[in-house]
Visitor: 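One structure, as structure tokens, below. Some questions next.
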Amino acid sequence: QVQVVESGGGLVQPGGSLRLSCAASGSISRLLLMGWYRQAPGKERELVAMLTSGGTTTYAESVKGRFAISRDNAKNTVYLQMNSLKPEDTAAYYCNAVVMRTNVMGNFAAWGQGTQVTVSS
């Protein structure tokens, strides 16, 4: 089993900052990539930021220059630092981890339950 748990969401004023955390645990032999997605009401889930095991990052155009993804390899944890937040960043944020599992062939993708981020004055 692989578990993914997010934390750090909340209510923040426009222009403020939040840091989200996502920890992957369980029968993980190798963490291939971790990423953050978000879904606003009435909209499709979209990629926010992704970080591969090799250190390659990908960002949505709408968050470039404002958000930064980083990781702690020892803890199988990825962080999303969100600065200069805007009302349009309001969404449920989900963490995704793609891993290789111990003694199991193939890759496996696990999702967290999500954490709400609300940007409002």
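Computed from a predicted model, the values in this text were never measured in an experiment. FYI, side chains are in, hydrogens and waters are out, and symmetry mates aren't considered; it's all heavy atoms of this structure.
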Visitor: Tell me which pairs pass salt bridge (charged side-chain N to carboxylate O under 4.0 Å, His left out) where either residue lies in residues 95-116, with sequence neighbours left out.
Guide: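 Sorted pair list comes back empty.
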Visitor: Working note: Leu80 + Val48, criterion side-chain contact (heavy atoms from CB on, under 4.5 Å); need CA distance, chi angles, decisive distance, verdict.
Guide: CA-CA 9 Å; Leu80 184 68; Val48 177; 4.1 Å; yes
Visitor: Using atom types as modelled, flag every donor-acceptor pair under 3.5 Å from a side chain in residues 9-18 to any protein atom, sequence neighbours excluded.
Guide:
residue, atom, partner, partner atom, Å
Ser17, OG, Asn83, OD1, 2.9

Visitor: List for me each residue that meets salt bridge (Lys or Arg N to Asp or Glu O under 4.0 Å) alongside Glu61, sequence neighbours excluded, and say none if there are none.
Guide: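 With neighbours one apart ignored, the set is Lys64.
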Visitor: Taking atom OG of Ser62 and atom CD of Glu88, what is their separation to the nearest 0.5 Å?
Guide: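 These two atoms lie 8.5 Å from each other.
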Visitor: Can you name the nearest heavy-atom pair linking Tyr94 to Gly114, along with the distance?
Guide: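 Heavy atoms of Tyr94 and Gly114 come nearest at CD2-CA, 3.5 Å.
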Visitor: Could you walk me through whether Asn107 and Val99 satisfy the side-chain contact (heavy atoms from CB on, under 4.5 Å) test, starting with their C-alpha distance in whole Å, then the side-chain angles of each, then the deciding distance to 0.1 Å, before giving a yes or no?
Guide: CA-CA 6 Å; Asn107 301 338; Val99 308; over 6 Å; no
Visitor: Over all heavy atoms of both residues, which pair between Lys43 and Gln39 is shortest? Give the atoms and the distance, please.
Guide: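 Where Lys43 meets Gln39 most closely, the heavy atoms are O-NE2, 3.1 Å.
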Visitor: Show your reasoning for whether side-chain contact (heavy atoms from CB on, under 4.5 Å) applies to Leu32 and Met100.
Guide: CA-CA 7 Å; Leu32 299 176; Met100 296 179 67; 3.8 Å; yes
Visitor: What's the verdict on side-chain contact (heavy atoms from CB on, under 4.5 Å) for Cys22 and Val4, showing C-alpha distance, side-chain angles and the deciding distance?
Guide: CA-CA 7 Å; Cys22 171; Val4 175; 3.3 Å; yes
Visitor: Taking atom CD of Glu44 as the centre, report whether more than 12 heavy atoms of other residues, nucleotides or ligands fall under 6.0 Å from it.
Guide: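 No, CD of Glu44 has 12 or fewer neighbouring heavy atoms, counting only those of other groups under 6.0 Å.
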Visitor: Suppose the criterion is ring pair (Phe, Tyr, Trp, His ring centres under 6.0 Å): which pairs have a residue in residues 101-121, not counting sequence neighbours?
Guide: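 Qualifying pairs: Tyr37-Trp111.
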Visitor: Do any pairs count as a ring pair (Phe, Tyr, Trp, His ring centres under 6.0 Å) and have a residue in residues 15-35, sequence neighbours left out, and if so which ones?
Guide: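 Counting only pairs at least two positions apart or across chains, no ring pair (Phe, Tyr, Trp, His ring centres under 6.0 Å) contact touches residues 15-35.
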Visitor: Within the 4.5 Å heavy-atom criterion, are Leu33 and Ser53 side-chain neighbours or not?
Guide: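 They are not in contact (no side-chain heavy atoms under 4.5 Å apart), so the answer is no.
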Visitor: Any link between Val117 and Met34 through a network of hydrophobic side chains (Ile, Leu, Val, Met, Phe, Trp, Tyr) touching at under 4.5 Å?
Guide: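 Hydrophobic grouping puts Val117 with Met34.
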Visitor: How long is the span from the OH atom in Tyr59 to the CE atom in Met50, to the nearest 0.5 Å?
Guide: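 Tyr59 OH to Met50 CE: 12.0 Å, rounded to 0.5 Å.
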Visitor: Not counting sequence neighbours, list each pair that qualifies as a salt bridge (charged side-chain N to carboxylate O under 4.0 Å, His left out) and has a residue in residues 3-30.
Guide: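 Non-adjacent pairs meeting salt bridge (charged side-chain N to carboxylate O under 4.0 Å, His left out): zero.
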Visitor: Please name all residues satisfying side chain to side chain donor-acceptor pair (under 3.5 Å) with Ser27, sequence neighbours left out, ordered by chain then number.
Guide: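 None.
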Visitor: Determine the sole option in Leu47, Asn96, Ile69 for which the side-chain contact (heavy atoms from CB on, under 4.5 Å) test with Trp36 is passed.
Guide: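 In the set Leu47, Asn96, Ile69, the residue that makes a side-chain contact (heavy atoms from CB on, under 4.5 Å) with Trp36 is Ile69.
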Visitor: CG of Asn76 to CD1 of Ile28: how many Å apart, nearest 0.5 Å?
Guide: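 Going from the CG atom of Asn76 to the CD1 atom of Ile28 covers 5.0 Å.
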Visitor: With a 3.5 Å distance limit and no angle check, can you tell me whether Thr77 reaches the backbone of Lys75 through a side-chain donor-acceptor pair?
Guide: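 Present.
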Visitor: Holding to side chain to side chain donor-acceptor pair (under 3.5 Å), I want the full list of residues that pass it with Asn103, two or more places apart in sequence or in another chain.
Guide: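 Partners of Asn103 under the side chain to side chain donor-acceptor pair (under 3.5 Å) test: none.
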Visitor: What pairs with Gln113 under side chain to side chain donor-acceptor pair (under 3.5 Å), at least two apart in sequence or on another chain?
Guide: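 By the side chain to side chain donor-acceptor pair (under 3.5 Å) rule, Gln113 matches no residue at all.
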Visitor: Under 3.5 Å, side chain of Thr90 to main-chain N/O of Val119, donor-acceptor pair present?
Guide: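 Yes, because the side chain of Thr90 sits within donor-acceptor range (under 3.5 Å) of the backbone of Val119.
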Visitor: Under the ring pair (Phe, Tyr, Trp, His ring centres under 6.0 Å) rule, what pairs show up with a residue in residues 62-86, not counting sequence neighbours?
Guide: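 Of all non-adjacent pairs touching residues 62-86, none passes ring pair (Phe, Tyr, Trp, His ring centres under 6.0 Å).
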Visitor: Keeping to residues at least two apart or across chains, list the ring pair (Phe, Tyr, Trp, His ring centres under 6.0 Å) pairs with something in residues 14-33.
Guide: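 Sorted pair list comes back empty.
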Visitor: For Arg38, check salt bridge (Lys or Arg N to Asp or Glu O under 4.0 Å) against everything at least two apart and list the hits.
Guide: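 With neighbours one apart ignored, the set is Glu46, Asp89.
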